[in-house]
Amino acid sequence: MKIGYPCINNSLNCTSNRTFRLNNYSRNNLIEKVKLNLNCLKKILEFNVKNGILFFRIGSGLIPFASHGICSFNWLQYFNKEFKTIGNYIKKNDIRISMHPDQFVVLNSKNEKTVEKSIKEIDYHCRLLNVMNLKQEAKVQIHVGGVYGEKEKSIKRFIENYGKLDLNIKKRLVLENDHNSYSLEDCLIINKEIDIPVLFDVFHHQCFNNKERVFEAIRKAEKTWNKKDGKLMIDYSSQKKNKRKGVHTETIDVVSFKKFLEQINGVNCDIMLEIKDKEKSALKAVKLIENVK
DNA sequence: TCACGTCAAGCAGAT
DNA sequence: ATCTGCTTGACGTGA
């Protein structure tokens, strides 16, 4: 079991999400920012390895405007050596990688332009993982998308649009249950049709479910992962106290997390901690697991 | 150096 | 009608 955190490390003096305004787009600006981002990504991964954190979500902003029409620059080729170096480091240390395109990616949108842009954005994520030569177990997670007041039709549109995707994308994509539109059960229905692995988000499940208990839900999600896809990925968070439903907690509640681990006892998975204080919570979780062993 | 308005993009639910 | 939250703030102007 690996523990991870998403995108940002607050202990290091760098970010792998440097960007610029679209107005300021230029080849040089892009090169400058990507160089900084890749350097920082390497540092984050080294920090993680040193601390036993072997799961990491790479931020979507690593290559600013990568899927935007303005970006004609061949960053894949230009930074090929750097990508290979990072990819080798990831493989050497057996780090699990995920990516999560942002909320603007809606594969089942009713707007064709949105679908088109979404596919380009997903494609960017996949090309990034490919150029690092990462195995199929490195995943790109998305949600089903909008409901538009007619869920069945919207699910059908997801399945249809998925069918059009390139095999290189299908190999990477996994589907995550969300907190108010598509539950685990909905994702499983889609899985039956197109065999896409289902990433289980515990917190979303607490917000929105079909009454399955967590263990039962996780067992169901686990079955959707084939050997090549690697272990089941789980996103873990909990509710921020006294905030409205869906707001993530600032730091990990170790007692709850321990209970959760006991609940899922026996399930072989990797857990992403979607918690505001990032690596700090991940460090606590890693220590907890070491002590349990 | 710091405050703060703004930045490519979507959707649902709360206020 | 507008704001907030979502996997993640960072940029850039002006004081």
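Letters A, B, ... mirror the listed sequences (proteins, then strands); counts begin at 1. Keep in mind that the numbers below use all heavy atoms, side chains included, and drop hydrogens, waters and symmetry copies.
Comparing the same atom, P, in dA3(B) and in dT7(C) gives a spacing of 29 Å after rounding to whole Å. dA1(C) and dC7(B) have their C1' atoms separated by 23 Å, given to the nearest Å. Look at the P atom in both dG10(B) and dA10(C): the space between them is 22 Å, to the nearest Å. The gap from the P atom of dG9(C) to that of dC11(B) amounts to 24 Å, rounded to the nearest Å. Rounded to the nearest Å, the gap between the C1' atom of dC6(C) and that of dC2(B) is 28 Å.
Atom C1' of nucleotide dG9(C) and atom CG of D277(A) are separated by 16 Å, given to the nearest angstrom. Atom CD of E274(A) and atom P of dC6(C) are 9 Å apart (whole Å). Residue D201(A) contributes atom CG, which lies 11 Å from atom P of dT8(C) at whole-angstrom precision. Counting to the nearest Å, the P atom of dA8(B) and the OH atom of Y124(A) are 16 Å from each other. Atoms NE2 (H143(A)) and P (dA12(B)) sit 13 Å apart, rounded to a whole Å. Going from atom CG of N180(A) over to atom P of dT4(C) covers 17 Å, rounded to whole Å. Between F65(A) atom CZ and dA10(C) atom C1' there is a gap of 11 Å when expressed in whole angstrom units. Atom-to-atom, NE2 of H100(A) to P of dC6(C) comes out at 11 Å; the value is rounded to the nearest Å.
Using modelled atom types and a 3.5 Å distance limit, the side chains of S11(A) and K280(A) yield no donor-acceptor pair.
Residue pairs meeting the disulfide (SG to SG under 2.5 Å) criterion with at least one partner in residues 9-42 of chain A, sequence neighbours excluded, are C14(A)-C40(A). Within the structure, salt bridge (charged side-chain N to carboxylate O under 4.0 Å, His left out) pairs that include any residue of residues 43-70 of chain A comprise K42(A)-E46(A), R57(A)-D235(A), R57(A)-E274(A) (at least two apart or interchain). Listed by first and then second residue, the disulfide (SG to SG under 2.5 Å) pairs that reach into residues 112-192 of chain A come to none, sequence neighbours excluded.
Applying the salt bridge (Lys or Arg N to Asp or Glu O under 4.0 Å) criterion to K2(A), with sequence neighbours excluded, gives D94(A). Remark: N88(A) pairs with K91(A) by the side chain to side chain contact (heavy atoms under 4.5 Å, CB included) rule, at least two apart or across chains. Among residues two or more places apart in sequence or in another chain, the side chain to side chain contact (heavy atoms under 4.5 Å, CB included) test is passed with D123(A) by R127(A), I169(A). Checked against side chain to side chain contact (heavy atoms under 4.5 Å, CB included), N130(A) has the following partners two or more places apart in sequence or in another chain: N168(A), R172(A).
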Counting only pairs under 3.5 Å, give me each side-chain donor-acceptor contact of residues 78-87 of chain A, with atom names and distances, residues two or more places apart or in other chains.
from   : atom 1 : to      : atom 2 : distance (Å)
K84(A) : NZ     : V131(A) : O      : 2.8
T85(A) : OG1    : K81(A)  : O      : 2.9

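Between Y5(A) and S281(A) the shortest side-chain heavy-atom distance does not fall below 4.5 Å.
If you check residues 3-34 of chain A against DNA chain B, the residues with a heavy atom closer than 4.0 Å are R21(A), L22(A), listed by number.
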Contacts under 3.5 Å, N or O only, protein and nucleotides 9-11 of chain B:
from    : atom 1 : to      : atom 2 : distance (Å)
dA9(B)  : N6     : D102(A) : OD2    : 3.4
dC11(B) : OP1    : S109(A) : OG     : 3.4
dC11(B) : OP1    : Y148(A) : OH     : 2.3

I'd like a list of close polar pairs between nucleotides 1-4 of chain B and the protein, N/O only, cut-off under 3.5 Å.
none

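For H143(A) and H179(A), the ring centers are positioned 6.0 Å apart or more. When ring centroids are compared, F208(A) and Y182(A) stay outside the 6.0 Å threshold.
Side-chain nitrogen and oxygen atoms of K276(A) include at least one within less than 4.0 Å of the OP1 or OP2 phosphate oxygen of dC6(C). For the pair H204(A) and dC6(C), the criterion of a side-chain N or O lying under 4.0 Å from OP1 or OP2 is not met. The phosphate of dG13(B) has neither OP1 nor OP2 within less than 4.0 Å of any side-chain N or O from H179(A).
Hydrophobic clustering (side-chain heavy atoms under 4.5 Å, transitive across Ile, Leu, Val, Met, Phe, Trp, Tyr) keeps L36(A) apart from L76(A).
In this structure, the side chain of N226(A) does not engage the main chain of K228(A) through any donor-acceptor pair within 3.5 Å. The main-chain N or O of I63(A) is found under 3.5 Å from a side-chain atom of Y124(A) such that the two form a donor-acceptor pair.
Annotated stems with DNA chain C as a participant read B:1-7 with C:9-15, B:10-15 with C:1-6, given as range with range, by first number; only runs of 3 or more Watson-Crick or G-U pairs under 3.5 Å qualify.
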